[in-house]
Trainee: 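First the structure, then my questions, so here it is.
Remember, predicted model here, so these are calculated numbers, not experimental data.
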Amino acid sequence: MSTNNRVIVRIAGAAGDGIASTGEILGKTCSRMGLHVMAYNSFQSAIRGGHVWLQMAIGPEKQLDHCDEPEITILFNKTCPEVHVPDMKAGGVVFYNSAVIKKEDIESIRNDVHYYGLDFKAMIEEAGLQGVSPVMINTMLSGALIQTAGLNVDIPLEFIKHKFEKKGDQVVELNQTIFSLGAKFAKENVKEKFAQVKGDGKAKMFLTGNEAFGLGLAAGGLKLYSAYPMSPATGVLHYLSLIGPKQKILIKQVEDELAAMNMVVGAGVAGIRAATATASGGYCLMVEAMGLAAMTETPAVCIVVSRGGPSTGVPTKQEQSDIPLAMAGNGDSPKFIVAPKDPEDAFYQAARALNMADKYQCPVIILSDFFLSEHFETVDDLDFTKIEIERGKFSKTWDGEGRYKRYEYTEDGISHRVMPGAPGAQYVPCSDEHNEYCHVMSDVEAGLPHAREARVKMHAKRMRKVKTMVDTGDVNPPTLDGDAKADITFMTWGSSYGYAQEAIKILKAEGTTVNHLHFTDIYPIPREATLKLLNNCKRIISVEANMCNTMCKQILAETAFEITEHINRWDGEPFTGQFIVNEFKQLANNREAVAA
């Protein structure tokens, strides 16, 4: 009954019901079998209660989409049926906690799906188990789910052993027994069959975008990470706190976002590779410090994880709306902005960001979003040999002639940077405008002819870095995937990549050919190379998780090319391939109506 050789599962309940634990067992079972998983976790800003769900697409090939219609669902509480049963694929299977969900209530919703209630208390008593907490129904339902999906039930038993072995053999055996009860129930009662997804047997990494960011920063030579927790960026802090000590990375949880960013700038001045991460609202407080990094020509990396705004907005929901924020600042300043497309890309772009910051002595912003940062996904492998540390014009000693010019005028806009304290290379970085020696030109000399001349030359020098990035090929134009002669092009940036790819696959199966123009480097944009691609596209439709088409505005500002057709989503949920297809068809209907 499953299509595309994959199975779609959903786990739903309240915060505190064990949704994450159930998803972890399922996800790691699949990854250790060599299967690919795309998982989307929809949760609320609450520690307990509320309504959350986790959806996974599982298959032997890379999964681009968590999809719309689950085939197997487990429901933990009585608020779940009315929300999730209507989404089920016809013929699907629903497991539910019969202690809190009444059989007659759930079965009245739809008659084209199959319901299986598990009486947790009765099954535990029949098995003669003692000391069982009601919340452990999540383990039982995990067993039923994994058995029904046709997965190897021995792998989760090993995972349970690893997870609970520090609590003793009795706890391990209890959890394994409860899991097996659920698997046995499904084996004996469930008759429906699903796609028999088989992995290649090669265990895969199963990680979030935030974990990939942390891993990439560590691989790229990070030595200081300072941050203030703000969802959905906190996962970077959590992950680096785990791996940081062994990698000799200093981890600092500071009092606020201002402190976090200023600490990064201070470390950069000292020649230390440093980074932070925050969410949309947190970056608002960091903008001035990023300006300080630009003026003092100091490397600084910040991961900005977009969430629904404005203000505190919708803290745990999806949006791609922070390009204008990343571009913001008082005055013109050089910077580099990049938006990874998936966790694998996040790993490489995090290391690249540190290199770009060092090489161009400027702020670098990595734009992420709730979905990219928080969702789990399998990755075949990460190639650490691809990570090279490039520090640019930087040295620990100074052997030059004459007085050291920290901000020497250069053709490429980049001056030689020396580790503070090096003999013969003393200077004092400052936030005011200055000359080559860092002599301030903004107080009693401001407005005088020589100060005006210094201002013009120094400001132009800094901004030349942006042109140098383009001229050297360190920033990339968008990629164009698919048939170059296609009549339709989807334009995306950041994490919308996979969903657009899924939509293109669906449309191809229906007889419509669409190619895909994707931006990873957001600023600067190589104008000529980008225009060549844009002008070769016949009909471009943007796909952005925002209301105001921010990438289209960025393209217009940088290239004067206007994209006029759009597919948007801003309800807080990420795209799915089918959502994009439906919106595309609506656009087509609208065009036909106008033509008529």
Trainee: Measuring only between side-chain heavy atoms, which start at C-beta, is Leu54 closer than 4.5 Å to Tyr40?
Mentor: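 No; the side chains remain at least 4.5 Å from each other.
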
Trainee: List the steps and the verdict of side chain to side chain donor-acceptor pair (under 3.5 Å) for Thr492 and His518.
Mentor: CA-CA 5 Å; Thr492 62; His518 182 78; 2.7 Å; yes

Trainee: Are the aromatic ring centres of Phe206 and His36 under 6.0 angstrom apart?
Mentor: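 No, too far apart.
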
Trainee: Would you say that Phe370 contacts Val314 through its side chain, given a criterion of any heavy-atom pair below 4.5 Å between the two side chains?
Mentor: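 Not in contact.
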
Trainee: Please lay out, stage by stage, how Thr520 and Trp493 fare under the test side chain to side chain contact (heavy atoms under 4.5 Å, CB included).
Mentor: CA-CA 6 Å; Thr520 296; Trp493 66 280; over 6 Å; no

Trainee: Do the side chains of Asn568 and Asn546 get nearer than 4.5 Å, heavy atoms only?
Mentor: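 Yes - at least one pair of side-chain heavy atoms lies under 4.5 Å apart.
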
Trainee: Heavy-atom distance under 4.5 Å between the side chains of Thr208 and Tyr239, does that happen here?
Mentor: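 No, every pair of side-chain atoms sits at 4.5 Å or beyond.
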
Trainee: Between Glu319 and Arg307, does any side-chain N to carboxylate O distance fall below 4.0 Å?
Mentor: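 Here Glu319 does not pair with Arg307 in a salt bridge, since their nearest N and O are not under 4.0 Å apart.
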
Trainee: Are any of the side-chain heavy atoms of Met205 and Thr378 separated by less than 4.5 Å?
Mentor: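 No; the side chains remain at least 4.5 Å from each other.
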
Trainee: Out of Ser495, Ser280, Ser496, which one pairs with Asp369 under the side-chain hydrogen bond (donor to acceptor under 3.5 Å, both in side chains) rule?
Mentor: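 Of the listed residues Ser495, Ser280, Ser496, the side-chain hydrogen bond (donor to acceptor under 3.5 Å, both in side chains) partner of Asp369 is Ser495.
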
Trainee: List the steps and the verdict of side chain to side chain contact (heavy atoms under 4.5 Å, CB included) for Leu174 and Met136.
Mentor: CA-CA 10 Å; Leu174 181 60; Met136 294 177 76; 4.0 Å; yes

Trainee: Before accepting this row, confirm whether a basic side-chain N of the pair Asp200/Lys202 lies closer than 4.0 Å to the acidic partner's carboxylate O.
Mentor: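 Between Lys202 and Asp200 there is no salt bridge, as every charged N stays at least 4.0 Å from the carboxylate O atoms.
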
Trainee: Any non-hydrogen side-chain atom of Tyr228 less than 4.5 Å from a side-chain atom of Gln253?
Mentor: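 The answer is no; the side chains never approach within 4.5 Å.
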
Trainee: Measure the spacing between CE of Met123 and OG of Ser98 and express it to the nearest 0.5 Å.
Mentor: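 The OG atom of Ser98 is 9.0 Å from CE of Met123, to the nearest 0.5 Å.
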
Trainee: Shortest non-hydrogen contact from Thr576 to Cys67?
Mentor: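 What the structure gives for the nearest pair is CG2-O, 3.8 Å.
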
Trainee: Cation-pi between Lys386 and Tyr348: NZ/CZ under 6.0 Å from ring centre and within 45° of the ring axis?
Mentor: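 Yes, a cation-pi geometry holds between Lys386 and Tyr348.
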
Trainee: Does a side chain donor of either His84 or Tyr96 reach within less than 3.5 Å of an acceptor in the other side chain?
Mentor: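 Per modelled atom types, His84 and Tyr96 side chains form no pair under 3.5 Å.
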
Trainee: Counting C-beta onward and ignoring hydrogens, is there a side-chain heavy-atom pair between Val379 and Phe347 closer than 4.5 Å?
Mentor: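 No, side chains not in contact.
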
Trainee: Does the side chain of Ser42 come under 3.5 Å of the side chain of Lys317 through a donor N or O and an acceptor N or O?
Mentor: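 The answer is yes; a qualifying pair exists.
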
Trainee: So is Arg569 actually on top of Phe579's ring, under 6.0 Å and inside 45° of the axis?
Mentor: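 Satisfied, under 6.0 Å and within 45°.
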
Trainee: Using modelled atom types and a 3.5 Å cut-off, is there a donor and acceptor pairing between side-chain atoms of Glu69 and backbone atoms of Asp87?
Mentor: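 No, because the side chain of Glu69 does not come within donor-acceptor range (under 3.5 Å) of the backbone of Asp87.
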
